[in-house]
Protein chains: 2
Amino acid sequence: MISVVLLGGGNVAHHLTQAFLACKDVDLKQLYARNASSIANFQNEISITDDLNLLADADVYIIAISDDAISSISSQLPENKLVTHTSGSVAMNSLNNTGRKGIFYPLQSFSKTKPVNFSEIPICIEAEQDEDLKILEQLAQLISPKVYQISSDQRSKLHVAAVFVNNFTNHMYKIGNDICKQYDVPFEVLLPLIQETAAKIQHVAPNEAQTGPAKRKDQETIQRHLNLLNTKQKEIYQLITKSIQNG
Amino acid sequence: MISVVLLGGGNVAHHLTQAFLACKDVDLKQLYARNASSIANFQNEISITDDLNLLADADVYIIAISDDAISSISSQLPENKLVTHTSGSVAMNSLNNTGRKGIFYPLQSFSKTKPVNFSEIPICIEAEQDEDLKILEQLAQLISPKVYQISSDQRSKLHVAAVFVNNFTNHMYKIGNDICKQYDVPFEVLLPLIQETAAKIQHVAPNEAQTGPAKRKDQETIQRHLNLLNTKQKEIYQLITKSIQNG
């Protein structure tokens, strides 16, 4: 049985809380949030607090708060305890506690209202000490079969890659939506294509999955497309087309 | 009962053939391909030919061949028959038959080896005559509940939007994959995020779904990311970040 104190009132903390509560081998001892109202919905199931001086004793402290507050809150946590954070882009050594440090990073885009199946979510772990790594591995495996040991250095690269496949992909959807709105075509017509594009990549490498006028070097279609776009859309179309053609 | 002759030996023709064969209210009379070996796998189920002079009589002729060959083949089809094509980017008036013209465009990215559920695929139809539009609507509804009447003009715009949400999105996956390979991080860690990004957009508008450092105007993270990228990746990162920030 691994005991945990979880700090944070946002999406990641919310879904981790639910996953830990559902797991009989995790003893979720306490939730902390600066603003207790953000975790009040859990108060019937678990002890909550908004006072760092009242933190319970636990094997692992997981900080799931905004990146820029991790350093400062970590310095106020109990000494000689394993303290981790859940951020994709903050290095392990940004933790300012005096004791042991680690990372417990579930790599997914969370929305508060949408239920999450943790068995589908990769958890990236890291620790300074081998023994701590084992604890985090054990904890992670209790909620997901997909556990990866990833260094802070690798994690920072993974985070950039995630920006491309998530944030920038969503912007491609946004431009597609803009074009549809502009010409009065229902965007919903494109939704099955969007799903299929993501489904394909689960089995096929991205460079093999690539299709379209850029890949075919179909200059006639490319030119016709450019004529339909506004200046900003055109700039992006041209740059990505060039990038596809350069392989 | 609507009778159909289907022309083409590629992915779209392959999947349409299967969908029509599975539908008892469609009489698929014949398949044509210039290279009969590409449709030989259907020869036990249906009449096939590689000779345009031997085309069967049917209510609808569907041309599912490469864009640049549509005009030429259409000019050789029977007179006074409803002739359609399946392309997203070729205008209806590119059809050179002497009779009635229409469009039967299933909007999806097809792979020959992957089975297709047509009930999930939008079919965009168009015709010169109202009566022909009714025939195409009836035919489309027999294989999919998602039938849209889309003009050639709208379809050309939809096709550009599809390039963004499909081809360009796939390129975002490719860059993510490149970064992972470069830094020895397993790309598979990102696959659930890719699926979630596509799943989210099925219910949430793209501009509401947007997250990440660009959206947050988190300059520190953006700068750290730029330092990890090569020149080409950096150029794309900067342009899309700017585009996200300009809304």
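Below, chains carry the letters A, B, ... as their sequence lines are ordered, and counting in each starts from 1.
- The most heavy-atom pairs under 4.5 Å with chain B, out of A/Ser151, A/Cys124, A/Gly176, come from A/Gly176.
- In terms of non-hydrogen atom pairs under 4.5 Å with chain A, the most contact-rich of B/Leu226, B/Ile236, B/Ile201 is B/Ile201.
- For chain A, no part of B/Glu220 is nearby; none of its heavy atoms comes within less than 4.5 Å.
- Aromatic rings from B/His225 and B/Tyr237 are positioned such that their centres are separated by under 6.0 Å.
- Residue A/Lys114 touches chain B through its side chain alone, counting heavy-atom pairs closer than 4.5 Å.
- In this structure the side chain of A/Pro192 reaches within 4.5 angstrom of the side chain of B/Pro122, judged on heavy atoms.
- Remark: side-chain polar atoms of B/Arg224 are not paired, donor with acceptor, to backbone N or O of B/Gln219 under 3.5 angstrom.
- Ranked by heavy-atom pairs under 4.5 Å with chain A, the first of B/Gln108, B/Gln154, B/Lys174 is B/Gln108.
- Between A/Phe187 and A/Tyr173, the distance from one ring center to the other does not fall under 6.0 angstrom.
- In summary, the side chains of B/Ser75 and B/Asn97 do not present any donor paired with an acceptor at a separation below 3.5 Å, with no hydrogens or angles considered.
- Sparse packing is recorded around CG of A/Asp184, with 12 or fewer heavy atoms of other residues, nucleotides or ligands lying under 6.0 Å away.
- Chain A forms the most heavy-atom pairs under 4.5 Å with one residue out of B/Glu196, B/Met172, B/Gln202, and that residue is B/Gln202.
- Both the backbone and the side chain of B/Ser243 come within contact range of chain A, judged by heavy atoms closer than 4.5 Å.
- Of all heavy-atom pairs spanning B/Gly9 and B/Ala13, the tightest one is N-CB, 4.0 Å.
- For the set B/Thr241, B/Asp153, B/Leu191, B/Asn207, the entry with the most heavy-atom pairs within less than 4.5 Å of chain A is B/Leu191.
- There is a side-chain donor-acceptor pair under 3.5 Å between A/Tyr148 and B/Glu188.
- With a threshold of 4.5 angstrom between heavy atoms, B/Lys242 approaches chain A through side-chain atoms but not through N, CA, C or O.
- For the 3.5 Å distance criterion, the side chains of A/Ser152 and A/Asn93 fail to qualify, holding no donor opposite an acceptor.
- Other residues, nucleotides and ligands place no more than 12 heavy atoms under 6.0 Å from the CG atom of B/Asp130.
- Contacts between B/Leu193 and chain A at a heavy-atom distance below 4.5 Å involve backbone atoms as well as side-chain atoms.
- In this structure, chain A has a heavy atom under 4.5 Å from the side chain of B/Asn177, while its backbone stays farther away.
- Interface residue A/Val163: only side-chain heavy atoms are found under 4.5 Å from chain B.
- Contact of B/Leu229 with chain A is made through the side chain alone, with heavy-atom distances under 4.5 Å.
- Looking at A/Ile175, the atoms closer than 4.5 Å to chain B (heavy atoms on both sides) all sit in the side chain, from C-beta outward.
- Chosen from B/Arg155, B/Glu235, B/Gln182, B/Lys146, the residue pairing most often with chain A at heavy-atom distances under 4.5 Å is B/Glu235.
- At a cut-off of 3.5 Å, with distance as the only test, no side-chain donor of B/Thr197 or A/Asn170 sits close to an acceptor on the other residue.
- For chain A, the nearby parts of B/His159 are the backbone and the side chain; heavy atoms of each come within less than 4.5 Å.
- Put simply, of A/Pro186, A/Cys180, A/Ala209, the one with the most heavy-atom pairs under 4.5 Å next to chain B is A/Ala209.
- Between chain B and the options A/Val160, A/Ile179, A/Ile194, heavy-atom pairs under 4.5 Å are most frequent for A/Val160.
- Residue contact with chain A, scored on non-hydrogen atoms closer than 4.5 Å, involves the side chain of B/Ile150 exclusively.
- In this structure, chain B has heavy atoms under 4.5 Å from both the backbone and the side chain of A/Gln210.
- Chain A forms the most heavy-atom pairs under 4.5 Å with one residue out of B/Lys157, B/Gln233, B/Gln195, and that residue is B/Lys157.
- B/Leu228 touches chain A through its side chain: at least one heavy atom from C-beta onward sits under 4.5 Å away, while N, CA, C and O do not.
- For A/Ser72 and A/Asn96, the side-chain atoms include no donor-acceptor pair closer than 3.5 Å.
- For the pair A/Lys101 and A/Met92, the tightest heavy-atom approach, listed with the atom from each and the gap, is O-SD, 3.6 Å.
- Within the 4.5 Å cutoff, no side-chain heavy atoms of A/Ile63 are placed close to those of A/Phe104.
- Between chain B and the residues A/Ala198, A/Ser109, A/Pro206, the largest count of heavy-atom pairs under 4.5 Å involves A/Pro206.
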